[in-house]
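See structure below.
Both counts, for ligands and for their atoms, begin at 1 and track the order of listing.
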Amino acid sequence: MEILPSGDACGAEIRGVDLAGPLDEATRAAILQALVAHGMIVFRDQDVPATRQVELTEMLGEADLYSLSEYCLADQPEVLLVSNIQEDGRNIGLADAGTTWHTDSSYLEIPPFATLLHAIEVPVDGEGRVLGDTLFASAAMAYDLLEPDLKQRLDGLQAIHSYEAKHRARARLGRSDRNPPKAEESERLAPVLHPIVRRHPVSGRPALFVTAGECTAIPGIEEAEALALIDRLTMLVTDGRTIHRHHWRRGDFVVWDNCQLQHLAIKDYALPQRRLMHRTQVKGTKPA
Ligand code: SIN
């Protein structure tokens, strides 16, 4: 197994591993270590059926279910389809996944530790270029780069993360046509409070954990000032220095660590350009 760091603030390619075949304990541990060290890892040219993806997810922790079941495979509910493909006039998968900067499902009390995304189909333009890149930003590096007085100001502050606000913000930007949540969803996905700076559960490294649009308030700080601080921190997280851009190839198997990264899926393609990803996630711990 060979690990090639991207040279950016995060990201590494792992070579010499066939994820469809058996993996011994040393390889499993090395993959987990590389994930924590680099935040995002990619294995190229992987032929991994959905059942195997669930096994790989379980090698990194406990497989978690996505918060909405509509686009999960009926016989493999851990696997969510992320896709713009339509059949009989209906989306076969979640079409707006990741279209604003975020960490996955941060609107939950216990958001997932890691997400695994396998590229089954990638959209291609007329010149053969693959579209639909994903940007990853190191929220840990963003924290490291803060001025000491801002670090001190953030100490102990919490922000409210809201599912409804996240999807309203995406819709406002024209990046989501998701139906407004039903009463049951709004109740189940009620806003939660998380620390603005979270420590990584394995490495202990601090990272900013706040997103404009999704974070609606900071208790103890007046609304306009809180929203301005959330915007400022979001800009710092997505500052050019923190970013790694993943250019997908069919068969890419990408894993990212939500405890230290944020990400953004670029929606620069449209049907008949098709994108289909299999997505699973590893259960996390309460951000602290
Ligand atoms: C996600 O945010 O879960 C999906 C990212 C992508 O489709 O690139």
Side-chain angles (χ1 to χ4, degrees), residues 6 10-11 35 39-44 46 50 53 56-57 60 63-73 78-85 91-108 111-124 129-139 161 163 166-167 169-171 173 175-178 189 209 211-214 234 237-238 243-271 273-284:
S6 68
C10 55
L35 176 64
M40 173 272 188
I41 49 178
V42 54
F43 304 80
R44 302 283 192 182
Q46 299 292 324
Q53 181 162 341
L56 293 166
T57 308
L60 298 177
D64 201 10
L65 295 177
Y66 185 65
S67 46
L68 306 172
S69 59
E70 187 178 356
Y71 298 118
C72 295
L73 293 180
E78 300 87 349
V79 179
L80 168 72
L81 301 188
V82 170
S83 184
N84 68 330
I85 300 171
N91 291 339
I92 65 158
L94 207 58
D96 65 350
T99 49
T100 49
W101 282 105
H102 67 292
T103 54
D104 285 329
S105 306
S106 71
Y107 48 78
L108 298 177
F113 154 52
T115 305
L116 298 79
L117 204 61
H118 185 214
I120 310 295
E121 287 189 62
V122 290
V124 179
R129 266 181 306 133
V130 176
L131 304 171
D133 291 357
T134 305
L135 305 189
F136 294 93
S138 171
H161 293 237
Y163 171 82
K166 171 176 177 161
H167 290 287
R170 279 189 188 167
L173 292 166
R175 298 186 197 166
S176 173
D177 57 1
R178 193 180 292 207
L189 304 175
F209 188 45
T211 315
E214 168 156 2
T234 302
V237 171
T238 57
I243 290 182
H244 171 64
R245 182 172 190 126
H246 182 65
H247 187 57
W248 290 91
R249 297 198 319 225
R250 189 170 169 274
D252 278 359
F253 195 97
V254 167
V255 188
W256 64 81
D257 177 347
N258 289 300
C259 307
Q260 56 175 309
L261 297 192
Q262 292 196 15
H263 60 282
L264 167 70
I266 307 286
K267 195 82 184 282
D268 56 356
Y269 56 91
L271 289 172
Q273 296 159 330
R274 292 160 58 104
R275 190 174 191 265
L276 172 61
M277 306 277 178
H278 282 175
R279 183 188 179 287
T280 50
Q281 55 189 34
V282 181
K283 221 185 189 109

Inset, instruction - Kindly assign one of parallel, tilted or perpendicular to the pair W248 and H246, based on the angle between their ring planes and the thresholds 30° and 60°. - result: perpendicular

Legend entry - side chain to side chain contact (heavy atoms under 4.5 Å, CB included) partner of E78, the single match among L65, T57, L116, L73: L65

Legend entry - Between CG on residue D257 and CD1 on residue I41, distance to nearest 0.5 Å: 9.5 Å

Inset, instruction - Tell me, please: is L117 in heavy-atom contact with ligand 1, that is, under 4.0 Å? - result: yes

Inset, instruction - Taking only heavy atoms of G98 into account, list the atoms of ligand 1 that are under 4.0 Å away from them. - result: 2 (O)

Legend entry - Distance filter under 4.0 Å to T134 heavy atoms, resulting ligand 1 atoms: 6 (C), 8 (O)

Legend entry - Contact atoms of ligand 1, heavy-atom distance to V82 under 4.0 Å: 7 (O)

Inset, instruction - Considering the heavy atoms of H102, write down every atom of ligand 1 situated less than 4.0 Å from one of them. - result: 2 (O)

Inset, instruction - Return the residue, atom name and 0.1 Å-rounded distance of the protein heavy atom closest to atom 7 (O) of ligand 1. - result: R275 NH1, 2.8 Å

Inset, instruction - Grab the two heavy atoms, one from D104 and one from P112, that are nearest each other, plus how far apart they are. - result: O-CD, 3.5 Å

Inset, instruction - Report yes or no: do E214 and S106 form a side-chain donor-acceptor pair below 3.5 Å? - result: yes

Inset, instruction - Please write down residue, atom name and distance for the protein heavy atom closest to atom 2 (O) of ligand 1. - result: H263 NE2, 2.8 Å

Inset, instruction - Select one of side chain, backbone, both or neither to describe which atoms of D104 lie under 4.0 Å from any atom of ligand 1, heavy atoms only. - result: side chain

Inset, instruction - Would you give the length of the straight line joining atom CD of E121 to atom CD1 of I85, rounded to the nearest 0.5 angstrom? - result: 4.5 Å

Legend entry - Any T115 heavy atom less than 4.0 Å from ligand 1: no

Inset, instruction - Establish, yes or no, whether a centroid distance under 6.0 Å links the rings of H161 and Y107. - result: no

Inset, instruction - Looking only at protein heavy atoms, identify the closest one to atom 3 (O) of ligand 1 and say how far it is in Å. - result: R279 NE, 2.9 Å

